[in-house]
Amino acid sequence: MKKRIGIFALIALIAITTSCRQYVITLPPRPDQIEVISLMVTETVTVEVNSKAPAEVKATATLDNNRTKDVTATVIGPVDTSQQGTITAYAEYKGVIASFDIYVYDKENVSTSYTNLSETIKNASENDIIIVDGKIDFDASTEALSLKSGMRIIGTEDSKITTSRAGSVFTTTGKDIEISNIDFETNLNEGSDTQFIYYASGSDGLTISDCTFTAAFDVTAPNNFNSRGILVQPGAGKLDIDGCTFKNIRQPAYIEDEVSGTIKNCTIIGTKGWVIGSGSNLEFENNTFTNNAVDIAIIDVNNAGAEAPNNYTDEICVSISQANGNCYVQNQITKINVHGSNIEKY
């Protein structure tokens, strides 16, 4: 009987304790209470001369809860579009202002075919903005197009350049050139060498952004197909690549010595990896690698052997790997394979 009374007392005590317990529930802040820390315009804005700039643009807002949000920002006007060129504009979202570029182009510089694009580039002046609108084919009879200093080659939403010719689509003959928002594709395979962009020595300043490079390369099969997104000669100068995708292409880029710049926010799938001359100074940031033989290979481009420069020490290779999802970095000068902080000699 005493045992039964004790059990009842314990149950009563638990009930009293539970009823007195206070639960604190923290509700998430209302949307209008979340502070916007920074703002970045994410779309490429092109406007014909004397046309109105858009009233709104797509942007990404960074919030004070460490999250990001895709938003629509309001363009601060008026925007002067009276002459061709790149102008700085501003957009606002919840009190935060971001600057961005608007590319103002002449209607005569809109290209819809290879012939049209070829003539436009030949007749254009330095610093002109050229719009690639729609699908353009480079067949075996066409020639590579040489870009002059300051040219901006910009695609629209459905821009695509397809090539069935060996060699290049664009070559650089000047400085401070930009290529953006274009899909490049080739169906060439065995026995053919191609690169979409040829960055020549003597040029200085090439920016490639938001482009896609696709070929028919099979990383699992033996082949002799040298498909490259970009071929960079020694001493070509500064190279910046941002937000591009390289898929089923032998090498995203083959970059020789004396080249500097940054490769960031790119997606690389089914390749043999970036090939970087050991005498270059390129930084890799926030890139994603999937199903590649090697992700980044540091090589002796001049077969200099023991005399080859090496700007990629073990520590730098580890840093590159860790900054890019612990990707596979191979330094053929020091004979190491790097995955994250793991270094193995081979």
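These figures come from a predicted structure and were not determined experimentally.
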Is there side-chain contact between [X] and [Y], with at least one heavy-atom pair below 4.5 Å?
{"X": "L206", "Y": "I197", "value": "yes"}
{"X": "R250", "Y": "R228", "value": "no"}
{"X": "M151", "Y": "I130", "value": "yes"}
{"X": "N50", "Y": "S82", "value": "yes"}
{"X": "S201", "Y": "P234", "value": "yes"}
{"X": "L117", "Y": "F170", "value": "yes"}
{"X": "V329", "Y": "F284", "value": "no"}
{"X": "Y312", "Y": "L282", "value": "yes"}

Is [X] linked to [Y] within one hydrophobic cluster, defined over Ile, Leu, Val, Met, Phe, Trp and Tyr using a side-chain heavy-atom separation of less than 4.5 Å?
{"X": "Y93", "Y": "V57", "value": "no"}
{"X": "I131", "Y": "F184", "value": "no"}
{"X": "I299", "Y": "I296", "value": "no"}
{"X": "V41", "Y": "Y90", "value": "no"}
{"X": "V301", "Y": "V232", "value": "no"}

Verify the distance criterion only: is there a donor paired with an acceptor across the side chains of [X] and [Y] at less than 3.5 Å?
{"X": "T156", "Y": "S159", "answer": "yes"}
{"X": "Q195", "Y": "S168", "answer": "yes"}
{"X": "D128", "Y": "Q84", "answer": "yes"}
{"X": "D183", "Y": "T212", "answer": "yes"}
{"X": "N287", "Y": "N265", "answer": "no"}
{"X": "Q330", "Y": "N337", "answer": "yes"}
{"X": "N181", "Y": "D210", "answer": "no"}

Closest non-hydrogen atom pair, [X] against [Y]:
{"X": "A236", "Y": "A200", "result": "CB-O, 3.7 Å"}
{"X": "Y198", "Y": "Q233", "result": "OH-NE2, 2.5 Å"}
{"X": "S280", "Y": "I255", "result": "OG-CG2, 4.2 Å"}
{"X": "S203", "Y": "T172", "result": "OG-OG1, 2.8 Å"}
{"X": "P309", "Y": "D257", "result": "CG-OD2, 4.0 Å"}
{"X": "S341", "Y": "V318", "result": "CA-CG1, 4.0 Å"}

Quick one: list whatever passes side chain to side chain donor-acceptor pair (under 3.5 Å) with [X], sequence neighbours left out.
{"X": "T88", "value": "none"}
{"X": "T81", "value": "none"}
{"X": "K238", "value": "D240"}
{"X": "T267", "value": "none"}

Taking the side chain from [X] and the backbone from [Y], do they hold a donor-acceptor pair closer than 3.5 Å?
{"X": "T120", "Y": "N116", "answer": "yes"}
{"X": "K148", "Y": "A124", "answer": "yes"}
{"X": "T163", "Y": "R165", "answer": "yes"}
{"X": "E92", "Y": "K94", "answer": "yes"}
{"X": "D106", "Y": "E108", "answer": "yes"}
{"X": "N292", "Y": "V294", "answer": "no"}
{"X": "S227", "Y": "I249", "answer": "no"}

Legend entry - Partner residues of Y328 under the ring pair (Phe, Tyr, Trp, His ring centres under 6.0 Å) criterion, sequence neighbours left out: H339
Pair up each side-chain donor or acceptor in residues 96-105 with any protein partner under 3.5 Å, not counting sequence neighbours, and list the distances.
{"residue": "Y103", "atom": "OH", "partner": "E178", "partner atom": "OE1", "Å": "3.2"}

Could you pull out all donor-acceptor pairs under 3.5 Å where a side-chain atom in residues 134-147 meets a protein atom, sequence neighbours excluded?
{"residue": "D139", "atom": "OD1", "partner": "S141", "partner atom": "N", "Å": "2.9"}
{"residue": "D139", "atom": "OD1", "partner": "S141", "partner atom": "OG", "Å": "2.6"}
{"residue": "D139", "atom": "OD1", "partner": "T142", "partner atom": "N", "Å": "3.3"}
{"residue": "T142", "atom": "OG1", "partner": "D139", "partner atom": "N", "Å": "3.4"}
{"residue": "T142", "atom": "OG1", "partner": "D139", "partner atom": "O", "Å": "2.7"}
{"residue": "S146", "atom": "OG", "partner": "T171", "partner atom": "OG1", "Å": "3.1"}

For [range], which residue pairs pass the ring-ring contact (aromatic ring centres under 6.0 Å, His included) check, not counting sequence neighbours?
{"range": "residues 40-80", "result": "none"}
{"range": "residues 245-273", "result": "F213-F246, F246-W274"}
{"range": "residues 48-82", "result": "none"}

Inset, instruction - Just do the side-chain hydrogen bond (donor to acceptor under 3.5 Å, both in side chains) check on N310 and N331 with the steps written out, would you? - result: CA-CA 9 Å; N310 181 28; N331 189 323; 3.3 Å; yes
Inset, instruction - Keeping to residues at least two apart or across chains, list the salt bridge (charged side-chain N to carboxylate O under 4.0 Å, His left out) pairs with something in residues 295-308. - result: none
Legend entry - Contacts of type salt bridge (Lys or Arg N to Asp or Glu O under 4.0 Å), residue D176, not counting sequence neighbours: R152
Inset, instruction - Measure the CD1-CG distance between I154 and D133 for me, rounded to the nearest 0.5 Å. - result: 12.5 Å
